[in-house]
Amino acid sequence: MLQCSGIKPTIFELDKDRSSRDQGGIIDLHADGGQLALKEAGLFEKFQEIIIPSAEALKLMKSNGEVVWDENNSAAAPPETSRDRPEVDRSNLRNLLLDAVDPDTIHWNHKLLQVEPVGAKYNLHFSDSIETGFDLVIGADGAWSKVRPLVSNETPYYSGITFIELQAHDVSVKKPWLNEFIGSGSFFMFDEGLALIGQQNSFDRIRIYLGVRQPESWMDECGINWEEPKSARGVLAESYFGDCHGDLKRVILEEATDSLIVRRLYMLPVGLSWEMRSGVTLLGDAAHLMTPFAGVGVNVAMVDAMELAREIMRWKDAFVDGDATALDEAVKVYEERMFVRAKKNMEKTYHGLVSHFSAGGIDERVGLLKKRARMLEERRKEQVKA
């Protein structure tokens, strides 16, 4: 958006290049979130080309193996199950955005260490260089942002949840049972203190996320040898998911055997805000880090970027004409709206965290899905009558 309006920002990226790091699984873009931002950036048609067909399908199971919701069987699926939240591979989405940006704009392999105020401007200290004289620094540098300390003393805190990510590769050939069990989209099992989430990915892969509610020290002190994936999966299946149905334990023990990564999940305080500081702002996880339990993080970040770009473009001429307060006005309006949006979604995400790790979480999710299906069916009938 800035580029199309004649503004050339400078982007410093930590990654060595666009393919140096796994970007994670699939993500759904909401009509009032990521899709809206892509439309405004003129990228919506290209986005539709990378959507993963049928990946919106949901399958929900209780820990005893009872399937309580399944959208994979079209004949049995509830009416109007589409949520207008198409799924896309994160790496494909990133490439779509990168391809739209002037390559000279992006400076790869830059690890930011510190932002130094110098008068009304800022210098950026990287691990191997210093870049000077910036009027506006936008911190989109994630959970452990080096820009955030300029506006807030808050740092992420442990959410109470640790994730163990497993993967299965070449599933259509090597893991047909798992392929069928997970379905064409996403799979969820919630129980007290436990969650198992499955997700179809591009490149014929499935990711499995095992969530456990444990202390922050658990990963280091639980006695599991994470360097030995087979034995680690065995301990997880028997000691933590031991009361679950045999099919769920099979996923852990026999099916998702190609990778194991363990990580703690962190978050920022719900409703975090700060007094505006001239020449600095934040967006995305740097501003409002959340756990993934509402599926809104990327969508909110993309709306952040869209609205900040709008305001910068609106004040562009005044800044060019020498109005030193123009960028501050843009940031002020952006942050006021961002704080409201962030708080709403952080509250939703925190509720999702509680629900995902409660014995009644699956029933609550099914109730919401049924309510929405009824609402959409009633709307469809009204449209037919009209």
Side-chain angles (χ1 to χ4, degrees), residues 24-34 55-63 68-71 81 83-87 90 142-143 156-165 182-183 185-200 207-214 216 241 244 248 263-272 284-285 287-304 338-373 375:
I26 61 174
I27 185 170
D28 60 335
L29 293 192
H30 305 177
D32 59 351
E56 276 192 85
L58 294 178
K59 181 177 179 181
L60 277 63
M61 176 182 284
K62 292 190 174 182
S63 62
V68 292
W69 186 271
D70 192 352
E71 298 172 358
T81 54
R83 284 164 286 280
D84 193 18
R85 296 180 175 184
E87 301 275 358
R90 287 174 185 259
Y157 65 92
Y158 179 59
S159 68
I161 303 300
T162 296
F163 254 16
I164 302 94
E165 177 187 325
I182 296 300
S186 296
F187 172 97
F188 296 93
M189 185 286 293
F190 309 151
D191 202 355
E192 189 63 37
L194 299 172
L196 188 154
I197 301 169
Q199 189 184 76
Q200 286 279 359
R207 292 178 195 258
I208 301 295
Y209 301 97
L210 308 178
V212 292
R213 188 172 60 216
Q214 294 290 339
E216 187 172 11
F241 291 80
C244 294
L248 294 166
R263 60 174 66 92
R264 302 177 182 93
L265 300 186
Y266 289 84
M267 58 189 287
L268 283 167
V270 173
L272 174 64
D285 285 351
H288 40 67
L289 177 66
M290 300 173 244
T291 59
F293 302 118
V296 296
V298 169
N299 285 278
V300 177
M302 292 179 72
V303 174
D304 286 352
M338 182 269 289
F339 291 146
V340 174
R341 178 172 57 254
K343 182 179 180 181
K344 176 183 176 181
N345 284 281
M346 293 173 92
E347 289 173 343
K348 180 180 180 181
T349 297
Y350 185 76
H351 178 81
L353 185 157
V354 173
S355 177
H356 276 57
F357 294 87
S358 69
I362 284 290
D363 289 332
E364 179 183 343
R365 184 73 172 270
V366 170
L368 292 172
L369 289 168
K370 288 181 176 179
K371 180 179 178 180
R372 185 183 182 281
M375 179 186 70

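When a residue number appears, it is its place in the shown sequence, counting from 1.
- Residues I362 and M189 come closest through the heavy atom pair CD1-CA, 4.2 Å.
- E71 approaches E56 most closely through the heavy-atom pair OE1-O, 3.7 Å.
- Residues H288 and N345 fail the side-chain proximity criterion, which asks for heavy atoms closer than 4.5 Å.
- For the pair L194 and S63, the minimum side-chain heavy-atom distance is 4.5 Å or more.
- In this structure, D70 contributes its side chain and M61 its backbone to no donor-acceptor pair below 3.5 Å.
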- [ ] With side chain to side chain contact (heavy atoms under 4.5 Å, CB included) as the test, would you mind laying out the steps for T349 and M267 before giving the verdict?
- [x] CA-CA 10 Å; T349 297; M267 58 189 287; over 6 Å; no
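- Two residues are said to be in side-chain contact when any heavy atoms from C-beta on lie closer than 4.5 Å; L289 and L272 fail this criterion.
- Panel note: side chain S159, backbone L265; a donor-acceptor pair is recorded below 3.5 Å.
- No side-chain donor-acceptor contact under 3.5 Å links R365 to the backbone of S355.
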TODO: Please assess I197 against F163 for the test side chain to side chain contact (heavy atoms under 4.5 Å, CB included), listing each intermediate value before the final yes or no.
DONE: CA-CA 10 Å; I197 301 169; F163 254 16; 4.3 Å; yes
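- With values rounded to the nearest 0.5 angstrom, I161 atom CD1 is found 8.0 Å from T291 atom OG1.
- Distance check, rounded to the nearest 0.5 Å: CE of M346 to CZ of F339 gives 11.0 Å.
- The backbone N or O of V270 lies less than 3.5 Å from no partner atom in the side chain of E347, so there is not a single donor-acceptor pair.
- In this structure, L58 and F188 approach most closely via the heavy-atom pair CD2-CE1, 3.7 Å.
- The line from CG of D32 to CG of N299 is 7.5 Å long, rounded to the nearest 0.5 Å.
- Side-chain atoms of R213 and E192, non-hydrogen and from C-beta on, do get closer than 4.5 Å to each other.
- Between Y209 and F293, the distance separating the two ring centers is not shorter than 6.0 angstrom.
- Annotation for I26 and A55: closest pair CD1-CB, 4.3 Å, computed over non-hydrogen atoms.
- Residue F241 holds its CZ atom at 5.5 Å from CG of L196, rounded to the nearest 0.5 Å.
- Side-chain atoms of D304 come within 3.5 Å of backbone atoms of G284 as a donor-acceptor pair (strictly under, hydrogens ignored).
- Residues M338 and R341 have side chains in contact (heavy-atom distance under 4.5 Å, counting atoms from C-beta outward).
- Distance alone, capped at 3.5 Å, places no donor-acceptor pair between the Q199 side chain and the R207 backbone.
- Contact of the F190 side chain with the L60 side chain is not registered, since no non-hydrogen atoms from C-beta on lie closer than 4.5 Å.
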- [ ] Determine, step by step, whether V366 and K370 satisfy the side chain to side chain contact (heavy atoms under 4.5 Å, CB included) criterion, reporting the C-alpha distance in whole Å, the side-chain angles of both residues, the deciding distance to 0.1 Å, and the verdict.
- [x] CA-CA 6 Å; V366 170; K370 288 181 176 179; 3.6 Å; yes
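- The existence of a salt bridge linking E216 and R264 is excluded, since no basic side-chain nitrogen approaches an acidic carboxylate oxygen closer than 4.0 Å.
- At least one side-chain heavy atom of L248 sits under 4.5 Å from a side-chain heavy atom of F187.
- Across all their heavy atoms, K348 and A294 have their closest contact at CG-CB, 4.0 Å.
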